[in-house]
Structures are given as structure tokens and as C-alpha cells.
Visitor: 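Dumping the structure here so I can ask a few things about it.
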Amino acid sequence: MKKLVVLVLMLALVTVSTTLVFAGGQEEGGSDQPIKLGGVWPLSDITGEQGSKAAQQAVDEINAAGGVLGRQLELIILDSEFKPEKGAAAIERLATVENVDVFLGGMASSVHLGQIPILKKYKKLTVWTGAASHLAENAIGGDADWYFHLHPWDYQQGGSYVDGWEDIIGKYSDIKVDKWFLAYEEGPFGSASFESSKVLFSDMGDFDGESFKSAAAGGGDYKAVLQHAKESNPDIFLWAGYGADALPLLQQSKAIGFEPALYVGAPPGWPADFGSSSLAEDVFLYGMWAPAMNDINPVSKKFYDGFVEKFNVIPATYFAPLSYSAVYLIKEAIERAGSLDTEALITAMEQSKYKSALGETITFKPSKVIKHQGIEGQKILQWQNGRQEIIWPFEFSTGTPVYPFPGWENR
Amino acid sequence: MSKLEIRNLTKKFAGLVAVNNVDLSFGGDEIIGIIGPNGAGKTTLINLVSGIFYPSSGQILIDGTDITTMPAHKRTRLGVGRTFQLIHPLEDLTTIENIMIGFIFSQDLSMKIAKEKAEMLCRSLDLDRWDRSVSQLNILEIKKMEIAQALATNPGVLLLDEVMAGLNSDELKELIGLIKKVAKEKKVAIGIVEHVMGVIKELADRVVVLENGAILADGSFQEVMKNPDVIAAYLGGGNYA
Amino acid sequence: MKISPKIVIFLIIILLSIAFPFFAGPYQQSIAKNVIIYMILALSWNMLLKTGQISFGLAGFFGIGAYASVLLSLKLGIPPILTIVLGGIVTSLVASAMGMIILRLRAMYFAITTLALGEIFRVIIHNVPNFAGGAHGLILPGVIFDGNGLYTYWLFLGAALFSIGLSYYFDKSKIHLALTAIRDNETTAKVRGIDIFKYLLIVFTITAGMQGIAGGLYAQSFGFVTPESSFSGDFILLPIAMALLGGIYTTAGPVVGAIVLGVISEYLKLYIPYGHLIVYGLIIVIVILFMPNGIIGALYVKIDGRKTFGKVDQPNE
Amino acid sequence: MTKAKRLFLSGGIFILALIIFIWRPTILIYGIQRAGLYAAVALPMALVLGIVHIVNLAHGELLMVGAYLTYFVSVTFGLDPLIALLPVAVVMFLLGMVIYKLTIKHTLKAPELNQLILTFGLAMVLGQSVNLIATSQPRTLTVDYVSTSLSIGELTFGVYDFIFPATALIILGGLLFFLRKTRVGKAAQAVGQNPRGAEIVGIDVDKIYLIIFSLSTALVSIMGSLYLTKQSIFPLVGGPFTMKSFALVAMAGIGSLPGVLIASLVLGVSETFLLSFKGYGGWSNIVFFAFIIGVILIRSHKGKQI
């Protein structure tokens with residue numbers, strides 16, 4: 001009996017202390033208070049880690065330059081831990097405990113799917129940098145005017161590749177692409193690439209593909225899929241996987257003597273020092289940004305130098321400039337709106353014309369379902385002399401394509 | 001009044017014959033002693049009857065029902081009870097709970113009635129500290145608990161496997177008295193495997209001697225002890241008297 | 001019926017938890033909901049553990065429940081609450097069919113087989129894109145109660161109380177005796193009339209159903225399922241850690257463990273945004289080292305002076 | 001099993017292997033390479049499970065830490081990873097000792113679940129610490145010899161991967177020699193079979209546990225170094241290996257080191273067999289788990305309950 005009483009009392013204690021611990025301040029933001037932005041990223045992942053840091057960098061820059069509307073910005077960063085329920089709880093906290101005015105951040109579609117019901121509840125201005133799955137777009141729906149999505153949707157990425165290769169073939173007549181082979185990791189990221197590409201590339205010749213288990217998921221043996229690719233002898237070999245797959249794929253291609261004329265990789269990020277490998281030379285890649293952008297884009301240079309100075313590392317993922325851009329988009333919208341009223345912010349956001357570090361001037365247009373889609377495509381780049389050079393769109397190009405992919409023996 | 005019949009029972013383990021063509025039946029309130037040298041197949045026989053192992057061939061019947069291939073818990077319900085040579089108490093349960101198990105699961109009694117019955121049983125066995133955990137019991141109490149556990153399943157036939165092992169002479173006397181009382185009051189047929197000849201002499205109405213898995217002799221204690229085969233077997237296998 | 005202080009305190013806690021949304025904000029409620037999901041998993045896992053069987057199949061059943069609930073909503077238009085219950089029943093049916101085959105395995109062989117079956121479910125879901133959305137998963141047109149936090153919280157609380165009640169019933173009824181007997185010594189248990197297989201099957205089926213219900217709640221409240229998130233390995237070891245840190249073989253243990261670990265993880269990340277999981281891991285290590293019987297076990301030792309608090313069979317050798 | 005049966009079975013397997021080899025030689029080549037990796041990683045876990053009787057959920061994380069150490073040693077001192085693996089293995093042996101002394105030793109008397117969750121916590125600490133220090137960005141060493149290939153007629157395949165089966169055989173041979181021929185090894189075997197009995201005859205059980213756990217840590221770290229030469233590493237790279245090894249050990253039967261090799265071979269070859277059919281790769285994951293369940297069930301049917 002006694003032990004039960006003690007037990008129950010302890011339970012009660014835990015409940016009460018929980019409530020107390022999480023009862024946050026509910027004070028309203030006065031005009032001298034900072035404007036609060038709330039960001040959610042998976043902080044243990046390089047995308048989330050650098051994305052959140054780049055956002056902080058932008059906030060610090062803006063504050064150093066006097067803030068917005070005479071007020072400072074404050075960025076509250078929460079970890080989604082790559083878990084939908086944690087990502088959703090983070091939004092609840094930002095909305096109710098921290099009383100932020102704007103949501104931003106994002107990475108991973110499944111986490112975002114969990115957050116969407118909560119975002120819909122608060123309908124605050126939301127600027128999202130990740131989540132490419134069309135399921136997320138469907139879940140957001142067509143009437144969410146407060147939602148601004150920067151990252152291209154999966155089908156848009158596929159479409160941009162079609163445009164890109166058509167442009168490249170048109171410009172460089174020696175490049176021939178009739179037969180495609182796509183090796184894709186079996187998770188949602190790779191499957192989405194395959195399904196959309198299969199439809200989109202059907203006009204551009206033979207399209208074939210097969211899945212593999214990514215090293216990120218405990219795989220890393222690509223010999224079977226490479227063997228099949230070799231047997232189908234494509235003009236262009238693409239792979240959609242993760243950074244950890246990049247070099248082993250090349251090594252195993254070399255080992256089995258597979259030498260396609262175009263070798264294209266589409267991971268969200270590349271391994272450190274990838275460029276220093278001789279195998280990496282002249283591999284094409286899809287991406288939104290590379291340090292090469294600094295040569296032609298002053299915003300990119302400013303972002304890059306600031307990031308390196310502040311954090312002492314090189315930005316390794318395009319989620320960093322993307323998050324950086326998100327903060328500036330928000331800042332400009334607040335300035336245009338002259339207030340933090342959501343309606344005014346949405347209208348101001350719709351008028352955005354922000355020259356971003358990614359090259360594009362970001363404006364918002366409707367996509368298949370939602371009203372406000374920012375960037376609509378990826379870029380085609382190529383590893384040349386250890387550096388990612390931008391090949392397409394030609395307006396951002398920092399290099400010309402090297403074709404064909406040199407044989408393994410000449411490296 | 002139950003009756004256990006064992007017909008032509010054989011059990012082989014990987015070529016070794018542990019029980020060899022045994023025919024044995026007893027019942028009513030008979031107490032039979034099962035003796036024999038180490039490795040004679042006594043415990044295997046009990047294991048076969050209670051359903052721990054299944055025989056290689058032969059038949060086991062209780063009150064005419066064939067239980068040869070029946071799972072152990074069903075045999076218990078039909079009245080086969082036993083104790084273990086190496087004691088197997090359920091350590092995470094209290095003593096009374098250990099005993100209640102039999103009432104609940106082989107006689108389908110409710111928790112409340114099972115508890116009352118278990119307490120009654122404990123009293124009748126002079127086992128007072130029934131609310132303790134098993135680890136706090138002494139050896140005699142554990143033996144009593146084992147017997148109570150088996151009695152709680154309401155057995156018609158109770159097989160006791162070296163239940164006296166490890167007891168001093170006072171404790172031995174107490175337990176012998178108890179078993180006599182149980183046999184008389186509960187009308188249970190008891191098969192008792194024992195090394196201590198004094199116990200067999202005291203308790204058994206009839207004695208069966210096993211050697212190498214087969215029955216060597218079957219009769220009253222005096223008869224069996226005079227049997228030259230038995231004497232030879234025991235002289236060969238060491239002195240147990 | 002005489003009113004004991006135990007019942008009074010218990011009622012107060014229930015009332016407090018029902019009234020929780022009125023003095024705690026949506027964030028606290030969402031934490032509570034997350035805690036409840038893990039609490040149900042921890043409780044159900046602990047219920048099966050009483051037989052000595054260690055299941056790693058939690059994520060598999062969680063995923064089946066989640067998918068069943070979403071598919072029933074999408075394909076048959078059944079109301080969400082009903083699909084959660086039906087999802088639990090579907091999971092139970094799957095589990096009982098599996099149990100027929102695998103419940104004679106013991107110790108780590110059972111554990112690894114349940115884990116493998118969970119993975120097989122995930123791979124199957126992954127490879128049937130037309131039926132279950134394949135690698136992308138499926139989304140629901142809306143979430144349960146149209147996102148009304150109050151009702152959702154009460155639904156979760158209801159599920160939690162149901163699970164606690166079930167677990168408590170397992171502690172107090174004859175099932176407790178059967179399960180403990182099976183864990184302590186199977187030979188004794190069967191010789192005393194316990195149908196081991198029947199009880200294992202019952203418990204396996206019921207606990208899998210609870211795990212399926214947890215999956216259904218999760219899917220309906222967030223409005224989606226994907227193979228990766230619905231069958232996530234997080235639903236295996238975290239609930240086990242919670243049950244163990246709270247104290248196994250009791251109802252209070254998993255409840256306390258889920259609350260403590262669930263709250264700590266939220267608390268930590270506010271102060272250590274980058275790297276809080278290191279501290280979380282360290283807490284698990286330290287508690288296991290210094291409270292091998294869990295929080296409730298440590299309390300029992302304090303109150304009862306009892307040294308040991310149950311034990312699990314050693315691995316088969 | 002009778003001798004005739006065994007002969008018949010091995011003959012059948014040999015003929016099957018021959019047919020596969022003639023039909024699609026790559027299945028066998030890649031299958032053996034894959035099996036080698038599985039076995040070499042699973043063997044140290046089998047050792048710990050067989051003797052210390054703990055399921056080490058930090059097994060994969062120790063591989064990962066070994067790989068990262070090798071990476072940093074190689075980059076800093078410009079060493080070839082195959083040379084760097086030696087000092088790293090020594091360091092990892094010491095790390096194993098520290099982990100054992102500080103944590104595992106104190107939970108050995110507790111139920112096995114406590115060790116499971118303890119090592120789960122350790123895995124979290126190791127993984128997240130590396131994540132904080134080195135970020136989640138994959139890291140790679142480029143070593144030229146890993147893509148060495150051999151062409152026989154039409155067939156071109158990588159030969160470097162044979163380092164995995166070779167290592168597996170060396171580890172297995174070494175461990176068997178250690179356990180059967182050396183004094184410490186024999187003592188370890190006695191401890192594995194009956195720790196209490198071993199204690200009575202005067203074996204220092206704690207010291208044996210310490211040696212075995214540290215040895216296993218060093219061995220798995222060597223596999224981490226080898227893995228680094230072939231693959232990119234990242235903080236979560238080890239996780240899948242833990243479960244895979246655990247499953248293989250269960251398939252092999254606890255305590256059987258050669259069994260791990262056979263289980264790995266069966267799995268490796270059947271996975272590559274399925275992968276060789278285009279479009280069925282996604283189902284090859286099922287093979288792994290179906291095999292585990294099948295083997296465990298068959299063994300439970302033949303023997304007693306396991």
C-alpha cells in the first residue's frame with residue numbers, strides 16, 4: 001500500500017513538473033522586442049546543421065545592419081531529429097511557447113508530412129526550404145496562401161533535367177543522349193526520381209533503370225545494378241542516391257569496366273574531399289548551388305565568405321544558401337509589409353524578387369497544387385579539376401561540359 | 001480413485017535406451033516405491049508420464065484415457081501430478097501464489113477461491129510462511145511447497161521424484177508423516193522415487209526396481225530386497241541401503 | 001466498496017490528466033501525445049516480457065496498425081476512430097497467425113525473428129506501390145477531428161488509460177500468475193496445468209494489437225504513413241529503454257519511464273541544440289548502471305528492502 | 001547427421017555452385033565477396049556473444065569509430081589505411097577495455113536486457129559524438145587499388161573485394177587457433193560454456209571477459225578500416241551492421257564461429273543471386289530476413305525449443 005502511494009505521488013510530481021518546465025513565457029512582442037523567427041531542422045544531419053547555421057548567419061548580418069523595421073531579428077532553432085512527431089512538436093512549441101511570427105526551415109518529406117497538420121492550424125507565414133515529395137504538396141493543398149515553398153518539387157526537378165539535357169544537346173552537338181539508365185536508391189528519394197524521370201524522359205529515347213540499396217541504408221554493393229547498366233550500354237548513366245554512394249559507385253564501375261559517355265550523380269550532398277579523387281573528374285551532378293557560383297554572383301560570394309568566417313567550415317550543401325535566402329526573403333517581406341500582420345506579410349512575400357545566392361532571382365508562382373512555389377528547377381554541374389562547375393542553366397554557367405566521360409585508364 | 005497404466009513404454013535418446021519396455025500400473029491409494037541405481041531411468045519414467053518427454057513407443061493411460069501424446073498441461077488436468085528432483089520453484093511469485101497456480105490452471109478456480117484453498121492446503125501441511133517469497137523459505141518448506149503445488153492440481157496419481165533429498169533426519173521424519181497423511185486423506189496414488197531405503201521401507205506398499213530402463217523386480221519391500229537380481233544390481237552399483 | 005487513498009490518488013491523477021489541456025498549451029499536449037505513443041509501446045512490450053519473451057517486433061506491428069488504419073480510411077471510407085480500432089484488430093490477427101509459427105522460439109531467437117518479420121512487412125509495403133503507396137507512403141485528406149488538439153489529446157489519453165488498465169489487469173489477474181510462471185520455469189508451469197502456448201499466443205496477440213493501435217493513432221493524428229517513418233527502428237529500442245529505465249514487470253515502470261525519457265529528450269534539446277542526443281545516450285547508460293532495476297525497482301528496494309526485483313532468463317547456451 | 005547424408009548434401013551444394021558458376025559466374029564471385037564482409041563483421045560479435053554472453057548493440061558503432069580513426073590517422077599522417085589500421089586497432093583495443101571496465105562489467109550480473117539497453121545507450125553516445133565532431137557529411141579516402149579489376153574473357157570484375165572473405169578466413173582461423181590452442185583461449189572457452197564452473201577452477205572470469213571484449217572491439221575496428229577503403233563513412237554507417245551481425249549469429253547458432261561463415265555464405269550468394277535478376281533487387285532485402293526466420297524455425301523444429 002505504502003509503495004503504491006509513493007508511486008502515485010511520484011507520478012503526480014512528474015506530471016506537475018513537466019507542466020511547469022514547459023510553461024513558457026506568453027508575453028506579446030512589443031515594438032522594442034525582437035521579431036521572432038522559428039526554424040526547425042534535423043540538426044544532426046549536415047543539411048539541417050548547415051542550413052540552420054546559414055539562417056543564423058543571415059539573421060546576424062541583418063541585425064548588424066540595423067535589423068528590420070528598427071527591430072532586431074531572433075532565430076529560434078529546434079531539432080526535428082528526423083522524426084515527424086518531434087518536428088510537429090517543435091512547430092507547436094514555436095507557435096505557442098515562443099510566439100514566433102514566421103516558420104522556416106525544413107528537410108525530409110516525412111518529417112514535413114507530420115508538421116503540415118500543425119502548420120495548417122496556425123497559418124503563420126511559412127517559408128520552407130526542404131521536402132520535395134509531391135505528397136507533401138498534396139497535403140499542403142491549394143488554399144494555403146501562407147505557405148511558401150522554395151525547394152523544387154520532385155516532378156519539377158525531373159522536368160528541369162529534361163530541359164537541361166535538351167539544352168545541352170542542342171548547344172553541344174557532339175553530345176548524344178539516346179539511351180538512359182537510372183540507378184536509384186530504393187527509398188522515397190530515389191523512387192521518386194525514377195518514377196518522374198521515366199515519364200519525363202520517355203520522349204528522349206530509351207529509358208531504363210533499377211534500384212539499389214544505398215550505403216546510407218546499409219547497402220553499398222552496386223555491382224549487380226552496375227552490371228545491368230553495363231549490359232544495357234547507355235549513353236548516359238544517372239544515379240539517384242546519397243553522398244555515401246558517390247565514390248563507391250565510381251570505384252565499382254571502374255572495377256567492372258563500366259564507362260558510360262555521361263556519368264551523372266544526383267545525391268543531395270557530396271562527401272568531403274570527393275573532388276580530390278581522380279575518379280570524380282568529369283562526373284556530372286545535379287544541384288542548386290556550388291561554390292563556383294561565387295565567381296558570377298556577389299550574393300553567393302557574400303554568403304560563402306561570411307559562412308566560412310563565422311563557422312570555419314565550407315558550406316557543403318545547398319541547403320545552406322537556401323536557408324540563408326529564406327531569411328532574406330522574410331526580411332524583405334517584413335520591410336515591404338511594414339508590419340507583422342500575416343495577411344500583409346503574405347502579400348509582401350508574393351511580391352518578392354530576391355536575387356539569391358543560388359543564382360536565381362526568387363519569385364513565387366503557383367506549382368501543380370500550391371500557390372507559392374519559389375525555385376522550379378535544379379542545375380546541371382560537372383566536377384572539373386576538383387571543383388563543381390555550373391554547366392546549365394547557361395546563364396549561370398561557369399564552365400563548359402567535358403565530353404565524353406574519360407575512360408578509367410586515362411586518369 | 002485413479003489408476004495409472006503404463007504399457008510397453010520405451011524411450012530412446014540418440015540410441016541410448018533410457019526406458020525399456022516398462023509395464024507398470026498402480027492406483028487407488030497405493031504408494032509404490034520406485035528404486036534403482038543411478039541412470040536406471042526412474043526420472044525419465046516420471047518425465048514420460050507427466051509429459052515432459054514423449055515416449056518412443058508404448059502407451060500411458062490414466063483412468064483408461066490414453067495420454068501418451070497429450071501435452072503436459074492436459075495430463076495435469078486429468079490427474080497426473082509430480083514434483084521435481086531438482087526443485088523448480090517460481091521465484092518471482094510468493095509461496096502462496098506458487099500453490100495457487102495449480103488450483104487456478106488445472107481446476108479452473110477463481111483467484112479468490114484458489115487463495116482460500118491454497119491457504120487451507122498450507123495449513124494442512126504445516127507451511128505457515130506462505131506470504132513469503134520462495135527465496136526466504138528453508139529447504140523443508142520448499143519441499144512442502146512443491147508437494148502442495150502438485151496437490152493443488154488435484155492429482156489422482158502423484159509422482160514424487162527424490163523429494164527427501166537434502167533433508168536431515170528430523171525433517172525426513174516430518175515429511176514421511178506428511179506423505180502418509182496426504183495419501184490417506186486425499187486418496188491419492190503415490191509413486192515415489194527415492195534413494196533412501198528407509199523411506200521406501202516406511203512408505204511403500206509395493207516396490208518396483210528399475211535397472212537400465214527395465215523392470216527388474218516388482219513386489220513388497222521384503223520380497224524385492226531378497227531378490228538376487230536386485231542384490232546383484234545394487235552391489236554392482238554401490239551401496240544405497 | 002471502501003475508498004482507499006490509493007484509489008483517491010489514482011482518480012485525482014486521471015482527472016488531472018483529463019484536465020491537462022486546460023492548464024497546458026498545445027505544445028505540452030503534443031509532447032504528452034508523443035509520450036503516450038511510446039508509453040503504449042513500452043507497456044505492451046513489457047506485458048509480453050512478463051513471459052520472458054523479448055520482442056523486437058514493435059515497429060513491425062506499429063507499422064501494420066498505421067497502414068491498416070490509413071488504408072481502411074482511404075479505400076473504404078471508414079471513420080478514423082474506427083479504423084484505429086480496426087487497425088489494432090488487423091494487427092492482432094496478423095500477430096496471432098505469426099504467433100502460431102514463432103511462439104515456440106525462445107530468447108534471442110524469438111527476438112531476432114520478430115525483428116525480421118517487422119522488416120519483411122516494411123519491405124512488402126515498400127514494394128507494392130499501387131496498393132500502399134510504395135516508398136512514398138500515403139497521405140490522408142485530413143487528420144483526425146480536423147486537427148482539434150483537445151479531442152485528439154483525449155483520444156490519446158483514452159488509449160493510454162486503456163493500455164494502463166490492460167497492463168494493470170495483467171498484473172492483478174490470473175494471467176499474471178501464468179505469465180510469471182512461464183517466465184520462471186516453463187516445465188513447472190506446464191506440469192501445474194498452464195497451457196503455455198495458449199497464454200503466449202493470447203499475450204502476443206493482445207500486445208501486438210496495442211502496438212497496432214499506437215500506430216493507428218500516430219498515422220491518423222499526423223495524417224500520413226511512409227515505410228521509413230511508420231516502421232522506424234525508433235519504435236523498437238526507445239520503448240524498450242523506457243520500460244527498462246522505469247522498471248520492468250510492473251505497470252508503473254513503463255509509464256514512468258516513458259514520461260521521464262520523453263520529457264528529458266525535449267528538455268535537453270532546448271539547451272543543447274547540437275548534440276543533445278549524446279547526453280540522452282549518456283543518461284540511458286548512467287541510469288542502467290546505477291539503477292539496474294529501473295526507477296520503480298529502485299523505489300521498491302527503498303520501500304521493501306527487497307534486493308532483487310525479478311530477473312530475465314539468461315540467454316540460451 | 002550421418003556421414004552419407006553429409007556427403008550427399010555437400011555434393012549437392014557443390015553441383016549447385018558449379019551450375020551457378022557456369023551460368024552466371026558473377027553471382028558466385030560477388031556473393032563470396034559480400035559474404036566475406038558479412039562474416040568478418042559478424043565474427044567478433046559471435047565471439048562476444050558466445051563468451052561474454054552480451055548482445056552488443058554498439059557493435060556497428062565501434063566499426064564506425066574504427067573507420068573514423070583510420071580516416072583521420074590516414075589523412076593526418078598520409079598513411080595508407082591498410083597500414084593505419086594497425087595502430088588504430090591497438091587504440092580500439094584500449095577503448096574496448098575502457099568501455100568494458102566503465103560500463104559493461106557492471107551490468108554482467110543484471111538481466112541480459114540491461115546490457116542490451118546499456119549498449120544501445122553507448123551506441124547513441126558514440127554515434128552522436130562522432131556526428132558532432134565530424135558532421136554527418138560522408139567522408140571517403142580515395143585508394144587506387146580498390147578498383148583493381150581482372151578480366152577473364154568477357155568477364156570483368158573487381159578483385160579487391162576478395163580482401164573481405166580473406167579477412168574473414170584469417171579472423172576465423174585466428175580465433176579458432178586462439179580458442180583451441182592457447183591457454184587464454186581455452187580458458188575463454190571454458191568461461192563461455194560455464195562461467196561459474198570456470199571461476200571454481202580458478203580462471204579469472206573478469207579478465208577473460210575484458211580480453212574478449214577488447215579483442216572483439218579491435219577486430220571490428222579492423223573491419224571498419226577495411227570498410228573505409230571501399231566505402232564512404234558517416235556517423236550512422238555502422239548501425240545496419242549491428243542488426244545484420246546479430247541476425248547472422250542467431251542463424252549460425254550462438255557459440256558457433258564456423259557457422260557464421262556458412263550463414264554468411266548462404267546469405268551472400270542468395271542475395272547476389274536475386275540481385276542478378278534485374279528489377280527484383282528490392283525484394284533481396286526479404287531474402288535476408290526470410291532466410292533468418294527459415295533457418296531458426298527449421299533448427300527449432302529439429303532440435304528442442306531454442
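Naming: A, B, ... by sequence-line order, numbering from 1 per chain.
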Visitor: Which pair of heavy atoms, one from A:Ser44 and one from D:Ser136, lies closest together, and at what distance?
Guide: O-CB, 3.6 Å
Visitor: Side chain from CB out, backbone as N, CA, C, O: work out which of these in A:Gln227 comes under 4.5 Å of a heavy atom of chain D, or both, or neither.
Guide: side chain
Visitor: Determine the minimum heavy-atom distance between D:Leu141 and A:Leu247, stating which atoms define it.
Guide: O-CD2, 4.3 Å
Visitor: Hey, what do you get for CG (D:Leu275) to NZ (A:Lys213), rounding to the nearest 0.5 Å?
Guide: 10.0 Å
Visitor: Closest approach of A:His228 and D:Phe277, non-hydrogen atoms and distance?
Guide: CE1-C, 4.0 Å
Visitor: So which part of A:Gln50 gets closer than 4.5 Å to some heavy atom of chain D, the side chain, the backbone, both or neither?
Guide: neither
Visitor: Please state whether the side chain, the backbone, both or neither of D:Leu37 comes within less than 4.5 Å of a heavy atom of chain A.
Guide: neither
Visitor: Where is the tightest heavy-atom contact between A:Ala272 and D:Arg139, given as atom of each residue plus distance?
Guide: CB-CG, 4.3 Å
Visitor: Return the minimal non-hydrogen interatomic distance between D:Pro138 and A:Gly243, and the atom names on each side.
Guide: CG-C, 3.8 Å
Visitor: Against chain D, label A:Trp408 side chain, backbone, both or neither, depending on which of its atoms sit under 4.5 Å from a heavy atom there.
Guide: neither
Visitor: Does some side-chain heavy atom of D:Thr135 sit less than 4.5 Å from a side-chain heavy atom of A:Glu49?
Guide: yes
Visitor: In Å, rounded to the nearest 0.5 Å, how long is the span from CG of A:Asp221 to OG1 of D:Thr272?
Guide: 8.0 Å
Visitor: Please rank A:Leu279, A:Asp245, A:Leu249, A:Asp45 by heavy-atom pairs under 4.5 Å with chain D and give me the top one.
Guide: A:Asp45
Visitor: Measure D:Pro240 against the heavy atoms of chain A and call it side chain, backbone, both or neither at under 4.5 Å.
Guide: side chain
Visitor: Any chance CD1 of A:Ile314 has more than 12 other-residue heavy atoms, nucleotides or ligands included, within less than 6.0 Å?
Guide: no
Visitor: What are the two closest non-hydrogen atoms of D:Tyr30 and A:Ile256, and how far apart are they?
Guide: OH-CG2, 3.3 Å
Visitor: So does A:Lys198 have more than 12 non-hydrogen atoms from other groups sitting under 6.0 Å from NZ?
Guide: no
Visitor: So which residue, A:Asp273, A:Leu250, A:Ile46, A:Leu43, ends up with the most heavy-atom pairs under 4.5 Å with chain D?
Guide: A:Ile46
Visitor: Side chain, backbone, both or neither: which part of A:Ala280 has an atom under 4.5 Å from a heavy atom of chain D?
Guide: neither
Visitor: Donor-acceptor pairs under 3.5 Å, side chain of residues 226-234 of chain D to any protein atom, not counting sequence neighbours: which ones?
Guide:
unit_1   : atom_1 : unit_2   : atom_2 : d
D:Thr229 : OG1    : D:Tyr160 : OH     : 2.7
D:Thr229 : OG1    : D:Leu226 : O      : 2.5
D:Lys230 : NZ     : D:Asp161 : OD1    : 2.9
D:Gln231 : NE2    : A:Gly220 : O      : 2.6
D:Ser232 : OG     : A:Ala244 : O      : 3.3
D:Ser232 : OG     : D:Thr140 : OG1    : 2.9

Visitor: Given a strict heavy-atom distance threshold of 4.5 Å, which part of D:Ser151 is in contact with chain A: side chain, backbone, both, or neither?
Guide: neither
Visitor: Select one option (side chain, backbone, both, neither) describing which atoms of D:Gln33 are under 4.5 Å from chain A's heavy atoms.
Guide: side chain
Visitor: What part of D:Tyr71 lies closer than 4.5 angstrom to a heavy atom of chain A: side chain, backbone, both or neither?
Guide: side chain
